[in-house]
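This report concerns only the one structure given below.
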Amino acid sequence: MTVRFRLALTVFLTGLATAVGVIVAVALAFQRFDHEGTWQRGDTFLGRVVAQHPDLLEQQRADPEAFGAFLRSLLLFEPNSQLYLLATDGTVLASTGRMQLAPGYKVALPPVRLAAAAAGGADRSAAYVMGDDPEYMDADAVVAARVLQRALIRPSGEADGYLYLVCRKAGLPAPRAALLLGSLATPALASVLAVIVFMTALAAWIIVTVTRPLRVLSDEVAMAAREGFSMTGGVSAPRPAAGTPDEFGRLRGGFHALLTRLRLQWDELSRLDRFRRESVSNLSHDLRSPLTATVACLETLETRWQGDPARDEDRRLVEVALRNTRNAAGMVRSLGDLALLDEPEFRLKPMRLDLTEVLDDITLRFAERAAQQGVALDFRPEGGEPLAAEVDVELFERALANLLDNALKHTPAGGTISVTAAHEPGRVRVAVADTGAGIAAADLPHLFDRLYQARACVAPATSEEGKGLGLAIVKRIVELHRGHVAVSSTAGRGTTVTLHLPA
């Protein structure tokens with residue numbers, strides 16, 4: 001869900017809630033106005049009746065049946081209104097209702113007294129009074145009341161009864177409901193809809209205005225993520241729009257400033273990395289010839305002094321120099337290979353083949369050396385399925401040769417080295433496991449670091465006399481094949497290096 005959609009949905013729901021609230025408020029106001037008008041007319045009507053007939057209690061006592069007919073003749077206020085003559089305790093003495101009330105039926109007195117106190121506008125503690133409707137047995141009707149007193153020489157001033165008017169049941173009759181609907185359907189509803197349409201249009205304009213810079217900024221962030229930080233790719237960095245000094249403008253300007261800084265730093269790092277690779281490649285190329293010549297000279301001296309007892313001490317020194325020179329030559333060659341593999345323009349030469357034959361051939365190549373060291377070396381394909389994969393054969397053999405070379409260096413006589421391969425969903429797994437000294441836990445996170453040398457010199461895949469280039473070469477080769485390499489080891493129990501390659 002986008003920001004624009006969420007904002008639009010919020011505005012729509014707010015407008016809808018506002019419209020419903022306005023309609024409900026209009027309906028409640030209309031109902032209150034109607035109740036107030038009804039109560040006012042009912043109270044005025046009772047005032048006229050009491051003024052013209054102050055002896056209602058005596059008439060009822062004299063002839064109850066005739067008094068009921070008299071009350072019905074008085075009730076011309078509204079067809080659905082009812083008049084009741086009440087005793088001081090609320091007992092109904094006479095009524096105009098069609099329903100026969102039970103003997104001794106009483107009306108709740110608090111609303112009656114409140115309506116009587118507010119009669120004539122003397123004490124308007126309420127805009128209208130809701131009280132009991134004996135005919136419907138509930139307290140949900142607009143009522144009016146007047147105090148009745150008997151005609152005495154010395155009146156006590158206290159109520160001797162009440163004339164009680166139930167104006168009508170709560171709820172609008174059909175004509176009034178039609179009037180309310182007409183009021184809402186014409187001017188009120190039209191005004192509400194006009195306000196909603198105006199606010200919606202204004203909100204839409206605000207949403208578009210607010211979210212347009214965010215959308216542009218998000219597109220620029222996506223373009224930067226897609227194209228990277230390189231400034232030499234032929235894509236010019238987008239410029240921030242002018243005339244936007246608000247928060248979004250400052251955010252966009254800050255993003256472009258940060259992006260420009262990152263591009264400059266990335267360009268500088270790329271330049272330094274290119275210089276490093278070129279320097280290592282050139283240095284490796286320049287050192288190979290003198291090292292090769294030095295090895296040839298030392299080998300010549302070793303051959304000449306082979307049978308001369310007087311030269312035994314010199315020959316031992318030559319052997320040490322020859323061994324170190326060969327190691328240096330191997331390191332220089334590995335540094336050159338790494339520099340070549342790191343080149344962005346370097347491309348593999350993949351071939352689709354069955355890895356079983358390649359693994360078997362490499363294992364046979366190291367079998368004689370393993371036998372001389374007293375180490376058992378075997379290759380065990382698992383599952384019996386063809387290990388079909390696309391690999392650069394030369395690089396793959398180099399990676400596996402590095403692993404076997406280091407495994408043999410750190411596996412004592414009587415140990416075993418196992419090469420296993422299996423087909424897994426979407427990939428091929430090749431593992432080299434040995435029973436050598438293993439790797440210390442502190443050295444495991446750094447095994448793939450270039451030129452890292454384990455303190456105990458027991459890293460299984462550190463070729464070139466443990467100078468930390470073997471695993472770096474293996475890792476880079478596997479990464480070029482879109483795979484990954486993992487190492488698991490327990491000190492004193494051996495190490496397993498696993499290559500995962502796409503099938």
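Checked for salt-bridge contact, Asp267 and Arg271 miss the test: no charged N lies under 4.0 Å from a carboxylate O. A salt bridge is defined here as a Lys NZ or Arg NE, NH1 or NH2 lying under 4.0 Å from an Asp or Glu carboxylate O, and Arg482 with Glu390 fails to meet this definition. With salt bridges taken as basic N to acidic carboxylate O contacts below 4.0 Å, one links Glu36 and Arg32.
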Inset, instruction - Go through Thr38 and Tyr128 one step at a time and tell me if the side chain to side chain contact (heavy atoms under 4.5 Å, CB included) criterion holds. - result: CA-CA 9 Å; Thr38 300; Tyr128 56 90; over 6 Å; no

Inset, instruction - Could you give me the CA-CA distance, side-chain angles and deciding distance for Leu364 and Phe379, then say whether side chain to side chain contact (heavy atoms under 4.5 Å, CB included) is met? - result: CA-CA 9 Å; Leu364 290 176; Phe379 166 58; over 6 Å; no

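Listed by chain and residue number, His484 satisfy the ring-ring contact (aromatic ring centres under 6.0 Å, His included) test with His500 (two or more places apart in sequence, or in another chain). The salt bridge (charged side-chain N to carboxylate O under 4.0 Å, His left out) check on Arg493 picks up nothing, with sequence neighbours excluded. Listed by chain and number, the residues in a salt bridge (charged side-chain N to carboxylate O under 4.0 Å, His left out) with Asp360 amount to none (sequence neighbours excluded). Residues forming a salt bridge (charged side-chain N to carboxylate O under 4.0 Å, His left out) with Glu424 (at least two apart in sequence, or on another chain): Arg427, Arg429. Applying the side chain to side chain donor-acceptor pair (under 3.5 Å) test to Asp219 and every residue at least two apart in sequence or in another chain returns nothing. Remark: Leu258 pairs with Leu262 by the side chain to side chain contact (heavy atoms under 4.5 Å, CB included) rule, at least two apart or across chains. Take Ala329 and apply the side chain to side chain contact (heavy atoms under 4.5 Å, CB included) test, not counting sequence neighbours, and it matches Leu291. Applying the side chain to side chain donor-acceptor pair (under 3.5 Å) rule to Gln265 yields no partners; only residues at least two apart in sequence or on another chain are considered. In this structure Asp361 satisfies the side chain to side chain contact (heavy atoms under 4.5 Å, CB included) test together with Arg365, Glu397, sequence neighbours excluded. Every residue two or more places apart in sequence or in another chain was checked for a salt bridge (charged side-chain N to carboxylate O under 4.0 Å, His left out) with Arg304, and none qualifies. Glu368 is linked by a side chain to side chain contact (heavy atoms under 4.5 Å, CB included) to Gln372, counting only residues two or more places apart in sequence or in another chain.
A distance of 8.0 Å separates CZ of Phe366 from CG of Leu400, quoted to the nearest 0.5 Å. Atom CD1 in Ile439 sits 9.5 Å away from atom OG1 in Thr490 (nearest 0.5 Å). With values rounded to the nearest 0.5 angstrom, Asp392 atom CG is found 12.0 Å from Arg398 atom CZ. Leu259 contributes atom CG, which lies 9.5 Å from atom CG of Leu264 (distance to the nearest 0.5 angstrom). For the atom pair Leu269 CG and Arg274 CZ, the distance stands at 11.5 Å (nearest 0.5 Å). One distance of note links OG1 of Thr356 with NE2 of His423; it measures 11.5 Å at 0.5 Å rounding.
Within a 6.0 Å sphere centred on CD of Glu394, other residues, nucleotides and ligands contribute 12 heavy atoms or fewer.
With Thr411 as reference, Thr435 is the one residue of Thr435, Asn406, Thr495, Thr416 to meet the side-chain contact (heavy atoms from CB on, under 4.5 Å) rule.
Between Leu359 and Ala421 the shortest heavy-atom distance is CD1-CB, 3.5 Å. The two residues Pro502 and Ala389 have their closest heavy-atom pair at O-CB, 3.8 Å. Listed here is the closest heavy atom pair of Gly131 and Pro111: CA-CB, 3.8 Å. Taking each heavy atom of Ala407 and Val432 in turn, the nearest pair found is CB-CG1, 4.5 Å. Looking at every heavy atom in both residues, Thr496 comes nearest to Ala433 through OG1-CB, 3.4 Å. For Val143 against Met130, the heavy-atom pair with the smallest separation is CG2-C, 4.2 Å.
A donor-acceptor contact shorter than 3.5 Å links the side chain of Asp354 to the backbone of Leu387. Judged purely by atom type and a 3.5 angstrom limit, Asp434 has no side-chain atom pairing as donor or acceptor with the backbone of Gly494. A donor-acceptor distance shorter than 3.5 angstrom exists from the side chain of Asp132 to the backbone of Ala108, with no hydrogens or angles considered. Under a 3.5 Å cut-off, the side chain of Asp133 and the backbone N or O of Glu135 do form a donor-acceptor pair.
Legend: side chain to side chain donor-acceptor pair (under 3.5 Å) pairs involving residues 306-322, not counting sequence neighbours, sorted by first then second residue: Arg311-Asp314, Glu313-Arg316, Arg315-Glu319.
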